[in-house]
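A quick write-up on the structure given underneath.
Lettering of chains follows the sequences in order, A, B, ..., and the numbering in each one begins at 1.
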Amino acid sequence: MKLRKRAVGAIALGVVVAALALAGCSSSSPAKSGSKTLDVAYWNYGPEALTNQNSYAKGFEAENPGVTVKGIAIAGTNWGEYYANLATLIASGKKPDNAVMSSEGVKFLDQNHLILPINDYLKSDPEGKSLLADIAPGLMKSLTVGKDITTLPDTWNDMVIYYNTDLFKQAGIAPPAADWTTDQFEAIAKQLTDKSKGQYGFAWTGTEVFPGVLPWIANQNANLVSGDVCKATANSAGVEKAFTFLDGLIQQGISPVPPSSSEVISDFQNGKIAMFGAGAWPIATFAPAGFTSYDIQLYPTGSTYKTVVGSGGYPILKSSANPDLAWKFQKYVTSAKVQDALIGTPTNPYGAIPTLRSTAKKSADAGIPPANYKLFYGSIDDHPSLTPFPGPAKYTEFESTVLRYTQLIFGGNETVEQGLDDMQQALSTIVSCK
Amino acid sequence: MDTRAAVGFLAPAGVGFVLFLLLPTIAVLVLSFFDWNLLSDGTFIGFQNFVALFSDTRLASIYGSTALMAGGILVINIAVGLLLAVLLETRMPTWIRTFFRFSFLFPFVVSSSAVALIWRFLLDTDLGLVNYWLGLLGIPHTPWLTSTAFAPFAVILVNSWKTLGFSMLIYIAGLQGIPNEVREAAIVDGANAWSRFWRITLPLLSPTVFFLIVINLINGFQLFAEPQVLTQGGPGDSSRTVVQYLYDTAFQSFNLGYASTIGLTLIVVLIVLTLVQFRLSRRWTFYE
Amino acid sequence: MTVSGPRIMSVLPRILTFAILVAAAIAIIAPFAWILRASVSPTDAELYRLPPTPFVSDLTFANFGSVFVQLPFARFAANSLIVATSVTAIQLVTCSAAGYAFARLQFRGKKFLFALVIGSLMIPIQVTIVPLFLAFSKLNLTNSLWSLILPPAFSGFGIFLMRQHFLALPRELEEAAKIDGAGHIRMFFQVMLPLSGPAVATLGILTFTYWWNDLLLPLTMINDVNQETLPVGIVLLAGRYASGTLGSIAAGITLAILPVLVVFIIAQRWIVQSIASSGLKI
């Protein structure tokens with residue numbers, strides 16, 4: 001007994017020593033002498049995020065010998081959580097040079113004085129200017145706060161409807177046209193609902209706002225916030241109309257109570273739902289899994305049609321010790337070379353839309369699934385988009401509040417009217433411009 | 001007096017106590033008087049956070065949810081734990097007893113988030129196995145995770161499933177502590193199993209029951225992982241616990257000052273609950 | 001009175017007893033069995049089919065591989081191991097020493113200090129995460145394993161457990177050692193501890209599994225995915241755009257459970273023995 005205890009004690013001691021060593025190693029990374037390190041914080045939302053970050057890093061390092069790009073993978077199950085974790089990271093003393101930012105977080109990061117605007121860089125840097133010229137103005141607008149241009153976008157996404165081509169064929173339904181209405185959509189979804197098989201016509205996510213209720217709100221000519229993002233408009237007529245429509249789908253058994261984002265994707269892949277809404281990200285999951293029986297179409301028109309667009313980039317953080325190098329990295333990920341490589345291959349496509357117009361044309365011709373791929377670009381070039389993006393400064397709290405009430409409404413715990421009124425009241429202190 | 005030795009033996013724990021319990025607790029109190037945004041240091045605001053407590057309707061309803069879930073977990077642990085412990089006293093081959101004990105105790109050592117994730121799939125309204133089996137019995141599909149009525153019970157179910165084994169174990173210890181002579185004397189006196197249980201066993205088990213009530217209540221009020229993974233505290237706040245609210249206030253709303261105030265209320269609640277337990281126990285706990 | 005009369009009377013309770021026990025055991029084991037089965041399923045289609053088929057047609061371990069591709073799962077496991085082991089080591093040292101002091105030493109203020117120990121049970125670590133986070137932030141130690149190892153250093157429950165155990169050790173041993181001229185240190189290390197195997201093992205296992213499974217502290221202190229622990233990893237696995245297959249989520253859960261299962265199989269004997277023995281009379 002004594003001997004065994006000594007052994008256990010020794011092992012425990014050894015592990016503690018190892019812990020000391022490892023903990024010491026992980027919190028400080030000694031840079032090679034003479035080399036510069038770029039710390040890039042990004043959202044680790046799935047395996048693709050890691051591979052993407054690594055390929056950016058390797059490519060940049062190859063072009064800039066002596067520079068090491070260190071990726072800081074930040075946890076979170078939606079954008080709101082990512083920003084909360086990023087803020088915590090920065091508050092705890094880490095000073096990344098760049099951090100992935102999306103439309104959701106523009107106001108948050110800017111208002112907390114975390115971003116170094118790139119206006120000066122764009123004025124003085126000819127490369128920057130030429131990149132700017134090749135990017136749709138709508139994308140730049142969503143990344144501008146007041147006069148501050150926060151970043152060049154490297155990817156963007158918009159919302160389209162995915163539909164299962166096999167299920168459509170089996171039911172004898174023709175592929176939907178771009179100008180289909182919500183009524184036609186509902187009829188098709190109803191046809192594709194089969195309770196005996198546990199098959200739903202349509203589903204949307206209850207754990208995120210952008211791919212969830214937002215496109216439906218947009219197409220009722222409404223928004224969750226006012227034009228200056230200073231007031232919440234959660235119980236406006238258009239929002240109520242959108243929610244009532246969606247709630248109706250649940251009541252009729254056409255849609256399940258909204259599950260999580262990953263469940264929607266895997267349910268679609270397994271034929272449990274016939275249609276769902278998303279940007280380009282599912283194609284990165286479907287293609288490697290060999291799932292190809294799907295295509296995309298615009299969201300059905302309500303009282304209007306507006307594409308819901310979100311873009312993202314790698315803004316330079318104010319705390320960066322290396323702003324020039326960070327600017328170089330930002331330009332790099334937006335450059336034609338990297339953008340062209342982003343397209344990927346038909347069996348391994350990238351899960352977002354490249355931002356350069358020139359690249360856009362190339363990817364449409366590259367055979368990236370689905371068949372209607374050019375619709376991704378078409379939607380921002382040929383159609384108006386929803387502005388402003390509902391991303392108030394307190395984004396994390398905003399998203400979790402909106403989701404909390406949508407869960408109450410769609411779970412049948414509150415009526416649409418009551419739920420939206422409660423949501424509006426809760427949001428009144430969160431969405432404000434003091 | 002072994003004062004010098006005592007200092008030596010108590011020092012390691014003492015350091016931990018001061019650094020990681022005492023100072024943080026005092027800090028919670030102090031922080032409550034500040035408005036502390038995560039990204040900038042705090043400003044003193046006096047009693048504002050405490051005043052805000054009273055107008056915080058969410059906090060009241062969250063305490064309600066927490067108390068409901070803690071209560072449910074308590075009842076199941078106390079009752080079913082005892083049942084299982086008593087049933088395991090039946091004569092049976094040792095290996096079968098070991099098998100049962102092992103099975104009941106196993107969930108206790110598994111991570112709450114793993115347990116909750118498993119149950120998230122099992123309790124799914126359409127695809128979950130629980131509703132499937134209930135459906136075979138003619139019960140319509142229950143919206144375990146999406147209805148304010150059922151969500152807290154889903155949490156109660158999942159956490160009880162996990163903690164039951166430990167309560168059972170404590171009961172087993174308690175039962176083994178009852179001297180055989182007492183039981184034999186009762187049999188000789190002609191008492192049947194039922195009255196033996198109520199008149200002899202249970203009173204002698206009362207210290208154990210008391211211990212389990214205290215432990216389970218404290219566990220219930222500091223619940224975090226199961227509701228976080230199972231329902232995120234939803235829908236609404238129906239399955240939200242105080243600790244979840246504290247965490248969200250601190251790291252989602254970035255209001256560290258108010259989050260500390262919430263923490264203070266929890267300390268007070270736990271102290272009051274435990275003191276009440278101790279007081280009440282004098283009436284019904286029987287120590288030899 | 002027929003032969004079957006009294007027999008039924010004595011058999012019925014036994015049948016009922018075993019029926020309940022078996023039902024309970026099934027209720028406990030079934031979810032794990034389901035997850036295990038899901039983890040070796042080649043496609044999700046099988047899992048979506050109800051009723052579930054107990055045996056997998058095409059057993060595959062591919063899901064386990066995909067888990068490691070999606071997230072740095074090996075790192076999560078390593079981090080969890082380091083944290084749990086370190087916390088256990090620290091607590092075993094502090095709690096047995098303090099437990100011995102409360103059980104066997106005489107000193108002023110013993111009652112007061114022990115009341116503090118019991119009182120600490122009412123201040124769970126959950127309420128102190130805000131100042132703990134701020135403190136570790138300022139020291140630049142968040143996103144390191146230190147922020148997970150140090151805060152649990154003190155455990156009132158552990159001290160209580162060890163004190164109860166030492167209280168129950170027979171005094172004759174102590175007296176015999178005193179006659180031999182043993183001081184407290186010798187008494188502790190050479191007399192008391194060697195007899196404390198089950199109690200130390202119990203505290204060790206309870207502490208290890210609790211901190212192996214903790215979710216709140218890593219969520220608070222760690223934002224960098226590479227410093228996360230298994231419980232957070234499991235949550236991330238079912239996060240936004242996981243592989244999309246239930247199978248790999250199940251595989252991740254199975255991987256997280258297996259080490260604990262192994263430790264538990266080995267050690268459950270000790271836990272039951274020490275808690276059930278009169279030494280830990282509560």
Whatever's closer than 4.5 Å to a heavy atom in chain B on C:L21 counts as both
Under the ring pair (Phe, Tyr, Trp, His ring centres under 6.0 Å) rule, collect the residues that match up with B:F9, sequence neighbours excluded.
-> C:Y100, C:F188
In terms of heavy-atom proximity below 4.5 Å to chain B, should C:I205 be classed as side chain, backbone, both, or neither?
-> neither
CA sep, side-chain torsions, deciding dist, call: B:F108, C:F264, ring-ring contact (aromatic ring centres under 6.0 Å, His included) = CA-CA 10 Å; B:F108 185 70; C:F264 188 61; 8.9 Å; no
Heavy atoms only, distances under 4.5 angstrom: which of C:L219, C:V232, C:I129 has the most pairs with chain B? Name it, please.
-> C:L219
Let me know if C:I28 has heavy atoms under 4.5 Å from chain B in its side chain, its backbone, both or neither.
-> both
Can C:K110 be said to sit on top of C:F102's aromatic six-ring, NZ or CZ under 6.0 Å from centre and within 45° of the ring axis?
-> no
Under 4.5 Å from a heavy atom of chain B, the part of C:I265 involved = both
Chain B contact via C:S137 - side chain, backbone, both or neither, heavy atoms under 4.5 Å | neither
Applying side chain to side chain donor-acceptor pair (under 3.5 Å), name anything that partners B:E89, two or more places apart in sequence or on another chain.
-> B:R183
Per-residue contact mode, C:A25 against chain B (heavy atom under 4.5 angstrom) = both
Scored by heavy-atom pairs under 4.5 Å with chain B, the best of C:D214, C:L230, C:V130, C:L121 is C:V130
Okay, C:V22 and chain B: the region with an atom under 4.5 Å from a heavy atom over there is both
Heavy-atom contact with chain B under 4.5 Å, split by part of C:L216 = both
